[in-house]
There are 4 protein chains.
Amino acid sequence: MRARSSADKQDDQKGSSRTFTEAARRAQIVGAAIEVIAEVGYTKATFTRIAKQAGLSSTGMISYHFAGKDDLMREVVAEVFRVADGYMVPRIEAQPTASGRLRAFIESNIELLGEFPKHLPAVVEVLGNIRSDDSSMREFCAAMDSLVDTHTHLIREAQEAGEFGEFDPRVMALAIRGAIDGVVTRAAKVPDFDPVACGRELADLFVRATRKDAGKDAGKDNR
Amino acid sequence: MRARSSADKQDDQKGSSRTFTEAARRAQIVGAAIEVIAEVGYTKATFTRIAKQAGLSSTGMISYHFAGKDDLMREVVAEVFRVADGYMVPRIEAQPTASGRLRAFIESNIELLGEFPKHLPAVVEVLGNIRSDDSSMREFCAAMDSLVDTHTHLIREAQEAGEFGEFDPRVMALAIRGAIDGVVTRAAKVPDFDPVACGRELADLFVRATRKDAGKDAGKDNR
Amino acid sequence: MRARSSADKQDDQKGSSRTFTEAARRAQIVGAAIEVIAEVGYTKATFTRIAKQAGLSSTGMISYHFAGKDDLMREVVAEVFRVADGYMVPRIEAQPTASGRLRAFIESNIELLGEFPKHLPAVVEVLGNIRSDDSSMREFCAAMDSLVDTHTHLIREAQEAGEFGEFDPRVMALAIRGAIDGVVTRAAKVPDFDPVACGRELADLFVRATRKDAGKDAGKDNR
Amino acid sequence: MRARSSADKQDDQKGSSRTFTEAARRAQIVGAAIEVIAEVGYTKATFTRIAKQAGLSSTGMISYHFAGKDDLMREVVAEVFRVADGYMVPRIEAQPTASGRLRAFIESNIELLGEFPKHLPAVVEVLGNIRSDDSSMREFCAAMDSLVDTHTHLIREAQEAGEFGEFDPRVMALAIRGAIDGVVTRAAKVPDFDPVACGRELADLFVRATRKDAGKDAGKDNR
DNA sequence: GATGAATGAGGCTTCATTCAT
DNA sequence: GATGAATGAAGCCTCATTCAT
């Protein structure tokens, strides 16, 4: 609109501080939502509870910063994914082999429970309570499905490269996803939960299950 | 469901017909609840929707027959367990070996999706939306945990008997539970889903993962 | 559903009393809404105010009987139209000439203010605050427009039959509608308002304006 | 809107530039409000929407320049009246006869829809949604009523001067007002609306209705 | 003087539950 | 025992307004 002079640079600090304030509030609310969802579940994670957790005076505040509950939930999932990606991707990509990446994927995923104990449980809650026909969540669920598809594809590639044995890659992808979610939901509640050990165990499990030489006749010997 | 004996006919008149009618109504409502929960999810499974599905004209009917929503949900889970037990237990007990029982457990569980497509998804929805601190659900969640404990124990026994390899039995129990739930939730939605093939694949997977000789150094070769 | 025996006829009293009760409540709420809308205007006619006027304990009661605010408003307009039709149509159809019907239309419309002082103001409020793009009101506004179209058509027929002079029938229909609404909104507030006299005056006005012989050069003599 | 004199340029620097800026901002907001009200109606004309229309980043801006929503609405009506007066008054006063002035009043009023399509619809919306008991609107509605009174008075004078026939001047004033509002609200929405032709038709109508010689027995021939 | 984040009242709606009949 | 109308708490959301910066 208006030509910007060099004097405006000071405004930039104020200007972006506004944006910063906004972003900070949103982050604060998203953080509170993650806590509340993980603690009381998706159904009972009301704006009232989230506002109280965030130290806000009213639920109007949340509606002020988010277009609606769906929008907030989207941000919750996006934030968890951002954190998870930042933690997991480097560890996965550092591995040269398919089973190394599989192990890194599982272990780093479970290890996240150590640093961010509420993040994964929250996202499991949210994704478990969303229907793909909820209109506003359509794209979101599609992203979810495509993630499983991606894993399925990677598994198939490893099979074709001779790194994995023969099995249905889709069922395997689903099983890995489900097993991780199960551990996230159930195991994380016990007081002396050890993410590193548990992640290693789970990774061992699926490395065994995907090994090339291991399962030649595994499925047939006892039927 | 059950063949009616001549003795029942007398009941119809006045005597314990209340009880029979009562039981029929409860079963009808529980069945409707299972359908609705599987279709729209726990959150949107309101009394109104369930009543409509059951062909009832008011929600008062449900409150009349159940102490509350928790009570209904308890019955839903109990009913699914009753059906699942009836289907699975004979198949499991027919197996002489631990891995045979493991396979039978997984396969029969997934196969249930063929005969009762809504039962398992419904129970996964309910159990995923219940907190152990919900007062009235305390005992219920305890039962759930004890089920995983039972599996953990059985796995440990198989290990001690030399039938299974060495791994953390609790993580394995959790992984099996989670993988089945994941398949139930996700795979059951695809149109050409084949419960038998999928169950076999999943069973293969965990049979491989639990095999004694398979995983000697599985966990160490790529770290 | 169930075969009805003669004994059921007693139920009919109860049965239809249920329906009757329902209808009575709806009528009560619609009546309260008409009162409130006429008194405080469409914008401030909230469920809270309407519930209070109807002697109801909560706004939930209204939502219980009506699908939403739109639904209630539709009923309000429908009710007023029902009353207006019952009063006006016989009086209009009793007239053999076009100008007789025009007069009867206007006079009976205004006279309604005597018997139902809130009905017409309420409907003017509602129709003035509805947009045709409000989705749920689409059909409704279409009905409104078609009413003006009907009047336009009747006027044109009277012109072709030689009963009315020459003028744009659509503008005339709009003017009649607007003039009545104006009187309804403004004049009805004065304490000594005389509906009969006012109706006659307004009818005189439009009978003059539509007369065949009257306006040959009316529009040209002063420009 | 207004040509800026050289004197204004100095104002821009520091002096009364506040006042000028202030006035400009108010005019900008009032203009945006007129647009929004005409487009979405009074009820949905929120500060948020008006601010967006005005290119403002926050609603605080509006509250800053206006004492409240009532104040803004007052300004909206005042602005429309200012424009309408500037357009209509010269045209009316140029006419020597009462019916000439009546025609000029109606025609120029409708013609305004050509030059300022949103102004009249906006003011009809506002005035239709204001109650005289809204405290702060008291004086405002009084001004409205006095305007109708003025017209009533002018009509009576024309009658006494023998220029108009005999009829209730108040009902006539109300009918003219209502007919214009009806046309403004309804006709202005059709795509091929011709303000000049429509204004002439409406003026013809009321000139006929007020003619001295026309209606001697108009009201009696069909009752 | 201007900004935009924060507020809190109030709106509509849904829901499980209760109660008179 | 069964019905369905009534209830009231709670949820999400919108809005005009205020206030610190």
Side-chain angles (χ1 to χ4, degrees), chain A residues 11 14-15 17-22 24-26 43-51 56-72, chain B residues 14 17-19 21-22 25 43-51 56-72, chain C residues 11 14-15 17-19 21-22 24-26 43-51 56-72, chain D residues 17-19 21-22 25 43-51 56-72:
Chain A
D11 286 352
K14 184 186 279 187
S17 88
R18 296 267 162 69
T19 299
F20 176 75
T21 299
E22 161 84 15
R25 266 275 178 268
R26 282 177 66 99
T43 304
K44 297 195 168 173
T46 67
F47 276 15
T48 300
R49 243 185 260 248
I50 294 169
L56 268 34
S57 63
S58 81
T59 71
M61 190 79 258
I62 299 176
S63 289
Y64 177 75
H65 286 287
F66 295 88
K69 196 170 192 184
D70 286 355
D71 189 32
L72 174 55
Chain B
K14 275 292 166 191
S17 81
R18 304 276 162 70
T19 302
T21 300
E22 162 88 12
R25 267 284 144 76
T43 304
K44 295 191 170 175
T46 67
F47 276 15
T48 300
R49 243 185 261 249
I50 294 169
L56 268 34
S57 59
S58 97
T59 68
M61 191 82 251
I62 300 176
S63 288
Y64 180 74
H65 285 288
F66 294 88
K69 197 171 192 184
D70 287 353
D71 189 31
L72 173 56
Chain C
D11 286 353
K14 184 185 279 187
S17 89
R18 297 268 161 69
T19 300
T21 298
E22 162 84 15
R25 266 273 177 270
R26 281 178 68 99
T43 304
K44 298 195 167 172
T46 65
F47 276 15
T48 300
R49 244 186 259 248
I50 293 169
L56 269 34
S57 63
S58 81
T59 70
M61 190 78 260
I62 299 176
S63 288
Y64 177 74
H65 285 288
F66 295 88
K69 197 171 192 183
D70 286 355
D71 189 32
L72 174 55
Chain D
S17 81
R18 303 277 163 68
T19 301
T21 300
E22 163 88 12
R25 266 285 145 78
T43 304
K44 295 191 170 175
T46 66
F47 276 16
T48 301
R49 244 185 260 249
I50 294 169
L56 269 33
S57 58
S58 96
T59 68
M61 190 82 251
I62 300 176
S63 288
Y64 180 73
H65 285 289
F66 295 89
K69 197 172 191 184
D70 287 353
D71 189 31
L72 173 56

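Just so it is clear, the structure is predicted and the values come from calculations on it, not from any experiment. Chain identifiers are assigned alphabetically (A, B, ...) following the order of the sequence lines, protein sequences preceding nucleic acid strands; residue numbering begins at 1 within each chain.
Along DNA chain E, the nucleotide nearest to C:R49 and the one nearest to A:L56 differ in position, and the one closer to the 5' end is contacted by A:L56. In terms of position on DNA chain E, the residue among B:A67 and C:G68 whose nearest nucleotide sits closer to the 5' end is C:G68. Ranked by how close their nearest DNA chain F nucleotide is to the 5' end, D:T43 and B:S57 are led by B:S57.
Across the protein-nucleic acid pair, A:R26 atom CZ and E:dA6 atom P stand 13 Å apart, rounded to whole Å. Residue A:K44 contributes atom NZ, which lies 16 Å from atom P of E:dC15 at whole-angstrom precision. In this structure, CG of D:L72 is placed 10 Å from P of F:dA16, rounded to the nearest angstrom. The CD1-P distance, from D:I50 to F:dA16, rounds to 8 Å in whole Å. Taking atom CD of residue C:E22 and atom C1' of nucleotide F:dA6, one finds them 12 Å apart after rounding to whole Å. Rounded to whole Å, the distance from CZ on A:F47 to C1' on E:dG10 is 17 Å. Rounded to an integer number of Å, the gap from B:I62 CD1 to F:dG4 P is 13 Å. Protein atom CG of C:D71 is 10 Å distant from nucleotide atom P of E:dT13, rounded to whole Å.
The base-pairing partner of F:dC19, taking Watson-Crick or G-U wobble contacts with both distances under 3.5 Å, is E:dG4.
Between D:T48 and the phosphate of F:dA16, there is no side-chain N or O to OP1/OP2 separation shorter than 4.0 Å. Under 4.0 angstrom from either OP1 or OP2 of F:dA6 there lies at least one side-chain N or O belonging to C:H65. The side chain of A:S58 contributes no N or O atom lying less than 4.0 Å from OP1 or OP2 of E:dA9. Side-chain nitrogen and oxygen atoms of A:Y64 include at least one within less than 4.0 Å of the OP1 or OP2 phosphate oxygen of E:dA5. Applying the 4.0 Å criterion to OP1 and OP2 of E:dA6, one finds that A:R25 has a side-chain N or O inside that range. Phosphate proximity of E:dA5 to A:T21: absent, as no side-chain N or O sits under 4.0 Å from OP1 or OP2.
Considering CD1 of A:I62 and CG of A:D71, their distance stands at 12.0 Å, rounded to 0.5 Å. Atom OH of B:Y64 sits about 13.0 Å away from atom CG of B:L56, to the nearest 0.5 Å. With rounding to the nearest 0.5 angstrom, the CZ atom of C:R26 is 8.5 Å from the CG atom of C:L72. D:M61 contributes atom CE, which lies 5.0 Å from atom CZ of D:R25 (distance to the nearest 0.5 angstrom).
Taking all atoms of both residues into account, the shortest heavy-atom contact from A:G68 to A:F47 is C-CZ, 4.2 Å. The shortest non-hydrogen separation linking D:A45 to D:I50 is O-CD1, 3.9 Å.
Closest approach to the A:T46 side chain among E:dT13, E:dG8, F:dC12 is made by F:dC12 (side chain taken as heavy atoms from C-beta onward). The side chain of D:M61 sits closest to E:dT3 out of E:dT3, E:dT7, E:dT13.
Within 4.0 Å (heavy atoms only), D:S63 reaches at least one base atom of the nucleic acid.
Between the side chain of B:T59 and the base of E:dT17, at least one donor-acceptor pair of N or O atoms lies under 3.5 Å.
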